[in-house]
Amino acid sequence: MHKADIAAKFAEIAGLLEILGENPFKIRAHLNAARVLETTNEDIASLASEGALTSIKGIGKGIAEKITTLLQTGDLPELKALHEKVPGGVLDMLKIPGLGPKRVKAVWENLGVTTLGELEYACNENRLATLEGFGNKTQEKVLKGIATFHQFAGRWLLSEATKHAETALAWVKKHGDVKRAMIGGSIRRGKETVRDIDIIASSSKPLEVMEHFANAPFAVEVIAQSLAKTSVRFENGLQADLRVVADKEFPCTLYRFTGSREHNSAMKTFAESRGMKINEYGLFKDKKPLPCNDETAIFEALGLSYIPPELREGLGEIETARNCNVFDLIEYNDLEGLFHCHTKYSDGRETLETMARACKELGFKYLGISDHSRSASYAGGLSIDDLKKQGDEIDKLNDKLDGFRIFKGVESDILGDGTLDYPDEVLEPLDFVIASVHSSLGMDEKKITTRIIRAVENPYTTMLGHPTGRLLLSREPCAVNMFEVIDACAKNNVIIEINANPHRLDIDWHLMHRAKSAGVMLSINPDAHRIAGLRHAKYGVMVALKGGLAKADVLNSMSLADVTCELAIRKK
DNA sequence: GCCGTTTTCGGCCCGACTGTTTTCAGTCG
């Protein structure tokens, strides 16, 4: 059993205990253990065998025993006992916004509701609103929450799907008869959420390769097996399709199973206009296949410049490819530094120095630190004194970190009225200020737009952080009118963040063209709370590509000297 | 259930918001 699986068990226990109204501190201890397990670098199995699990902060005697039991048996008697007390579907209800443990318990005990389906039914019959402590507003909110839940079911975050896709790809490549293999589909296009994994491989023995795939250790179920493809399911329900073709067909199959439906359809039409035909088996002229060794050759044969996978959405990219030689797009290696990172000063896992050194080791030249501000008490936001203290530490580190620079910043909460939560004299000496909304995201369009624009107009705001507050697959963006916000950013010389955390990817890439044409600069920010989070910048680059951004549009593609200058100019 | 320690038990984050009530419980971040 893996650390992440054990962590999930503890989170499950916490949820069940919550519904049962157990001691809140016991619940927190389990949640804390889950988080610790998710993030620790320790080898749990060997610590368990040495009886040294309690050396990890947050793991005491009780939880250490449970981890050991889970490692040895894969199961936990306590969890079984809890499941006997609480029906499975009741736990799902905790995922509905507006329903916490108390209300879930009330719904379950008073209405006998034990699944989301029954809950929806009860809402439609107006039974939820009649419960004590509930009303029409809550009932409506729950109904909306259930709809959102269904809408997101069966979709995965790009980061999660990528991780599984890489596992599957590595397994496919292990087969000795595989010549080429790649991840295709929406993962290759960098879509922020995806439905399944597509892997394309070439081999002279396709059936054997597909059989090998069906027998993969991660495949808990083989959903379909045919001459054309094999589909398996991972334990978490994610589906992976493998197509194996002859090597000469590989480029066209990969191409066909990468582009969106709209892109493929547009390309089919374009090829026909050139007297050609394109499908998953090849590119044909006068019914004769044109040899294409890779995707580049396909575009060349069609008289187009190469269209990167991220752009193959059917949004006019073929037209662009006819008119220009190359797409001028940012690449991951263009990034010179990273802004928007957290440390132990607020809710980050690492010290300032550890984060800076990790960033340097990744090859970056600078790091912009922006811990939470004082009103973000839930995230350990910094008092004015702490912020000064951090600034002093940054000064010392900058003397030590040869050729690497830490910029002093803060992620300041945008308060309800649009003001930032430090006085001007505190913001003034900082190198940069990210203004972000973290609370009261439910305001109507007019109110929240006015609020955010007021923050953009603050002379100390350098960047607008995760502008819509969306959490992919769990929280819709707030009602903000982003067109107005983009215009305000242009007017006030404020940079817009592309929050690269795979849960956010905010702003949405569809809006990047508009920001670019309004003359707004963007910044690809990892919003890292731990070392691994720094690598999330790659997802930010993927969506920036989708948004058609060039190196020149992105703040943190500037050299250290240039970015220092840029920040100074913006401060004025 | 964990931590820290005056080693045996008390403290563990808490303020804002929402919707419900009519003074506050529950949820959220």
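Reckoned from all heavy atoms, side chains included, excluding hydrogens, waters and symmetry mates. Chain naming here is simple, since letters A, B, ... match the order of the sequence lines and numbering starts at 1 in each.
Taking the C1' atom of each, dC17(B) and dC12(B) are spaced 24 Å apart, rounded to whole Å. dT6(B) sits 15 Å from dG11(B) when the C1' atoms are compared, rounded to a whole Å. Going from the P atom of dC14(B) to that of dT8(B) covers 27 Å, rounded to whole Å. Comparing dG15(B) with dT22(B), their C1' atoms are spaced 22 Å from each other, to the whole Å. Atom name P, nucleotides dT20(B) and dA25(B): the rounded distance is 16 Å, in whole Å. The gap from the P atom of dG29(B) to that of dT23(B) amounts to 29 Å, rounded to the nearest Å. Taking atom C1' in both dT5(B) and dG10(B), one finds a spacing of 11 Å when rounded to whole Å. With P as the reference atom, dA16(B) and dT21(B) are 24 Å apart, rounded to whole Å.
Nearest to the side chain of Lys26(A), among dG1(B), dG26(B), dT20(B), sits dG1(B). Side-chain atoms of Phe25(A) lie closest to dG1(B) of the nucleotides dG1(B), dG19(B), dC28(B). Comparing atom distances between the Lys66(A) side chain and each of dG29(B), dC3(B), dG1(B) picks out dG1(B) as nearest. Of the listed nucleotides (dG26(B), dC2(B), dC17(B)), dC17(B) has the atom at the smallest distance from the side chain of Ser440(A). Comparing dT27(B), dG29(B), dT20(B) against the side chain of Lys102(A) picks out dT27(B) as the nearest. Nearest nucleotide to the side chain of Ile63(A), out of dG1(B), dC3(B), dT27(B): dG1(B).
Side-chain atoms of Leu338(A) and Asn525(A), non-hydrogen and from C-beta on, never get closer than 4.5 Å to each other.
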Problem set entry | Pair Arg530(A)-His342(A), side chain to side chain contact (heavy atoms under 4.5 Å, CB included): steps then yes or no | CA-CA 8 Å; Arg530(A) 55 183 70 118; His342(A) 297 266; over 6 Å; no
Problem set entry | Test side chain to side chain contact (heavy atoms under 4.5 Å, CB included) applied to Val220(A) and Phe234(A), step by step | CA-CA 6 Å; Val220(A) 294; Phe234(A) 283 85; 5.9 Å; no
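A donor and an acceptor atom sit less than 3.5 Å apart, one in the side chain of Asn23(A) and one in the base of dG1(B).
For Tyr422(A) and Tyr460(A), the gap between ring centers reaches or exceeds 6.0 Å.
Rounded to an integer number of Å, the gap from Leu131(A) CG to dT21(B) C1' is 16 Å. In this entry the distance linking CD of Glu140(A) with C1' of dT20(B) reads 14 Å, nearest Å. Following rounding to the nearest Å, Leu99(A) (CG) and dG19(B) (C1') show an atom-to-atom distance of 13 Å. Regarding Leu94(A), its CG atom lies at a distance of 14 Å from the P atom of dG29(B), rounded to whole Å. Rounded to an integer number of Å, the gap from NZ of Lys61(A) to P of dC3(B) is 13 Å. Rounded to whole angstrom, the span from the CG atom of Leu415(A) across to the C1' atom of dC17(B) amounts to 14 Å. At whole-Å resolution of the value, CG in Asn32(A) and C1' in dC2(B) are 8 Å apart. Between Lys137(A) atom NZ and dT18(B) atom P there is a gap of 10 Å when expressed in whole angstrom units.
Pairing for dG15(B) goes to dC28(B), judged as Watson-Crick or G-U wobble with the two contacts each under 3.5 Å.
Mapping Pro101(A) and Gln139(A) onto DNA chain B by nearest heavy atom places Gln139(A) at the nucleotide closer to the 5' end.
Within the structure, a side-chain polar atom (N or O) of Thr138(A) is placed less than 4.0 Å from OP1 or OP2 of dT20(B). Taking side-chain N and O atoms only, Lys57(A) has a distance below 4.0 Å to OP1 or OP2 of dG4(B).
Residue contacts shown for Gly98(A) are limited to sugar-phosphate atoms, with no base heavy atom under 4.0 Å away. Counting non-hydrogen atoms under 4.0 angstrom, Pro24(A) reaches nothing in the nucleic acid. Among the atoms of the strands shown, none is found under 4.0 Å from any heavy atom of Ile27(A).
Open room surrounds NZ on Lys102(A); 12 or fewer heavy atoms of other groups in view lie less than 6.0 Å from it.
If you run side chain to side chain contact (heavy atoms under 4.5 Å, CB included) between Cys123(A) and each of Val113(A), Val142(A), Thr138(A), Val107(A), only Val142(A) comes through.
With rounding to the nearest 0.5 angstrom, the CG atom of Leu397(A) is 10.5 Å from the CG atom of Leu367(A).
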